[in-house]
Amino acid sequence: MALLVKHVCRGHSFPKFLPSLQLHHQGVRCRCSTGPDTKDSAPKKIFSGIQPTGIPHIGNYLGAIQQWVQLQDEGHDVIYSIVDMHSITVPQDPDQLRQNIFDMAACLLACGIDPNKSILFQQSSVSQHAELAWILGCKGTIARLKHLPQWKEKSGPKEEGSVGLFTYPILQAADILLYKSTHVPIGVDQVQHLQLAQDLATTFNYHYGKYFPLPTAILGETKKVQSLRKPASKMSKSEVDPKSRIELTDSSDVIREKLKKAVTDFTSAVTYEPDTRPGVSNLIRIHSAFTGLSYDEICLQNEGIETAKYKFVVADAVIAKMDPIRTEILRLQEDRSYLDGVLREGARKARDIAEKTHSDVKKLVGFN
């Protein structure tokens, strides 16, 4: 059964389509909500991953990385993985993939991920991910995987995607369950994949005894960032036009130029009307995300300013936040030995946890 939840956040309300799924705090708890969370005061065991498919853009930063840092700083038990095994479900140049892994590590560290507070590691360095995925895959079904939206979207009408693309949601479930995670920060587009992880945990527990906790979704405050060139589409690393996105390593001049070229419309006023003015509304959302101002406050402050000038206001807000992060990314990219050390130490810590879980699973299944 599906559930349509009205999520209200800082005066902004928007519907979220959620399949029947164990959700954080009885339905949806907004990460930006105020006041104590008395029902969830105990530390959470959190897992999340990000693919090394290029330099993250501000949509990645606002939608995921900021939340990762917040969860880490709240004192939870957090494990973050650069999921390189997921990235090869589509063709990758080996040399570029190697560079992307280090670039992603540099970006995460520069944004605030602290290896003294979090475990940050490269997925392929912990072989138990793939081993648990095989065991879980033997409890999944082809019909179940065919219904997942990413397979339908990426395989095309003739279902010509790779076996890896078809089964990667099971590897995703293994990523989560291997660390007996209790909570997973996700976007709405990943809800059905987390539901699969819950279903596989439930099936495993039914056959072998209660072992895996059912991971709960943490749905963060939605910070919808659209393409600067095609505001009807989500900002994406895969879009051909580099002017469509602001990457974390973009200089101040590049950020100003990209926002200057952002598609808007022929109306000069700054108004938030996402249905009729998607381009300008996207700029307002970006401005709001980087300043904490509400959409109404932004429109009031910029009343009488033409959109051409407003673009530079948005650029200044983005640069103020991103310029120190960019500087730190560039510094870390020059220190490959440090990045390698962080990932190796993270893999060692992750492996210690993963080995215990996998040893238990092998005994339960009958391998040992």
Side-chain angles (χ1 to χ4, degrees), residues 1-33 37 40 44 46-51 53 56-71 80 83 86 144-154 165 168-173 175-176 181-201 214-227 230-239 245 272 274-275 278 281-282 284-286 288-289 295:
M1 179 179 292
L3 175 66
L4 182 63
V5 177
K6 194 73 170 180
H7 180 182
V8 180
C9 168
R10 289 184 183 172
H12 309 143
S13 62
F14 44 92
K16 287 184 175 181
F17 177 82
L18 304 173
S20 57
L21 171 71
Q22 186 179 358
L23 293 166
H24 182 47
H25 197 44
Q26 298 180 348
V28 177
R29 179 176 183 268
C30 177
R31 292 293 311 161
C32 67
S33 61
D37 183 6
D40 286 308
K44 305 171 181 67
I46 293 167
F47 178 89
S48 195
I50 189 168
Q51 291 193 35
T53 51
H57 52 67
I58 60 171
N60 303 132
Y61 174 73
L62 296 170
I65 299 172
Q66 260 194 341
Q67 186 185 36
W68 285 17
V69 175
Q70 182 181 352
L71 290 167
Y80 299 135
V83 287
H86 288 290
R144 182 77 168 80
L145 295 177
K146 277 190 173 183
H147 280 91
L148 294 174
Q150 276 80 353
W151 171 251
K152 293 179 180 179
E153 175 187 332
K154 295 181 179 180
L165 180 64
Y168 93 88
I170 293 178
L171 177 59
Q172 202 171 44
D175 296 338
I176 296 165
S181 308
T182 61
H183 292 77
V184 184
I186 58 171
V188 176
D189 60 339
Q190 288 292 317
V191 162
Q192 291 189 48
H193 283 197
L194 184 59
Q195 187 179 35
L196 174 66
Q198 290 186 349
D199 290 347
L200 290 170
L214 299 188
T216 300
I218 301 176
L219 293 175
E221 177 189 359
T222 295
K223 296 174 181 176
K224 187 178 181 183
V225 180
Q226 301 296 92
S227 165
K230 301 176 183 177
S233 303
K234 188 176 177 181
M235 186 175 286
S236 172
K237 288 184 282 187
S238 62
E239 190 169 340
R245 60 190 173 273
Y272 187 74
D275 292 335
S281 298
N282 187 40
I284 292 172
R285 278 194 296 270
I286 293 171
S288 174
Y295 303 156

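This structure is a prediction, so every number in the text was calculated from the model and none was measured. Residues take their numbers from the sequence shown, with the count starting at 1.
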Review point. Under a 4.5 Å cut-off applied to non-hydrogen side-chain atoms, are I186 and L219 in contact?
Key: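 I186 reaches L219 side chain to side chain.
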Check your understanding: Hey, what do you get for NZ (K224) to CD1 (I286), rounding to the nearest 0.5 Å?
Key ->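 It comes to 12.5 Å.
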Check your understanding: Looking only at heavy atoms, which two atoms of F47 and D175 are closest? And how far apart?
Key ->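 Reported closest heavy-atom pair: CE2-CB, 3.5 Å.
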Practice item. To the nearest 0.5 Å, tell me how far R245 CZ sits from S227 OG. Key: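 If we round to the nearest 0.5 Å, R245:CZ and S227:OG are 9.0 Å apart.
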Point to revise | Heavy-atom donor-acceptor pair, S181 side chain to I176 backbone, under 3.5 Å | key: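 Checking the backbone N and O of I176 against the side chain of S181, a donor-acceptor pair under 3.5 Å is found.
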Review point. Where is the tightest heavy-atom contact between Q172 and H86, given as atom of each residue plus distance?
Key: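 Smallest heavy-atom distance, with atoms named: N-CE1, 3.6 Å.
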Check your understanding: Measuring from Q192:CD to R144:CZ, what's the distance to the nearest 0.5 Å?
Key ->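 It is 7.5 Å, given to the nearest 0.5 Å.
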Review point. Is there a side-chain contact between K44 and T216 (heavy atoms, below 4.5 Å)?
Key: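 The answer is no, as the side chains (C-beta and beyond) never meet within the 4.5 Å cut-off.
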Exercise for review: Would you please name every residue forming a ring-ring contact (aromatic ring centres under 6.0 Å, His included) with H57, sequence neighbours left out?
Suggested key: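 So H57 forms no ring-ring contact (aromatic ring centres under 6.0 Å, His included) with any residue.
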Point to revise | L71 side chain near I218 side chain, heavy-atom distance below 4.5 Å | key: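 Answer yes - side chains close enough.
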Review point. Donor-acceptor pair, N282 side chain versus Q226 backbone, under 3.5 Å?
Key: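 Yes.
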Exercise for review: Evaluate the criterion side-chain contact (heavy atoms from CB on, under 4.5 Å) for residue pair L196 and L145; output intermediate values, then yes/no.
Suggested key: CA-CA 9 Å; L196 174 66; L145 295 177; 3.9 Å; yes
Exercise for review: Calculate, to the nearest 0.5 Å, the distance between atoms CG and CG belonging to L214 and L200 respectively.
Suggested key: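 Going from the CG atom of L214 to the CG atom of L200 covers 11.0 Å.
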Practice item. Could you tell me whether the side chain of V184 reaches within less than 4.5 Å of the side chain of Q190, counting heavy atoms only? Key: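 Result no, sub-4.5 Å side-chain heavy-atom pair not found.
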Check your understanding: If every non-hydrogen atom of S48 is compared with every non-hydrogen atom of P185, which pair is closest and at what distance?
Key ->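 So the minimum-distance heavy-atom pair works out to OG-O, 3.6 Å.
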Review point. Got a sec, which residues hit side chain to side chain contact (heavy atoms under 4.5 Å, CB included) with S236, two or more places apart in sequence or on another chain?
Key: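 S236 satisfies side chain to side chain contact (heavy atoms under 4.5 Å, CB included) with S238 only.
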**Study point:** Parallel, tilted or perpendicular: ring planes of Y80 versus W68, cut at 30 and 60 degrees
**Key:**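 It falls in the parallel class, under 30°.
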**Study point:** Test item: N60 and K237 side chains (from C-beta on) under 4.5 Å apart, heavy atoms
**Key:**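 With C-beta onward as the side chain, the pair touches.
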Practice item. Give, for atom CG of L171 and atom NE2 of H193, the distance between the pair rounded to the nearest 0.5 Å. Key: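 With rounding to 0.5 Å, CG (L171) is 11.5 Å from NE2 (H193).
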Exercise for review: With the side chain counted from C-beta on, respond yes when V225 and R285 share a heavy-atom pair under 4.5 Å apart, and no when they do not.
Suggested key: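 No, every pair of side-chain atoms sits at 4.5 Å or beyond.
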Point to revise | Set of residues satisfying ring-ring contact (aromatic ring centres under 6.0 Å, His included) with respect to Y61, sequence neighbours excluded | key: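 Once residues adjacent in sequence are excluded, Y61 has no partner under the ring-ring contact (aromatic ring centres under 6.0 Å, His included) criterion.
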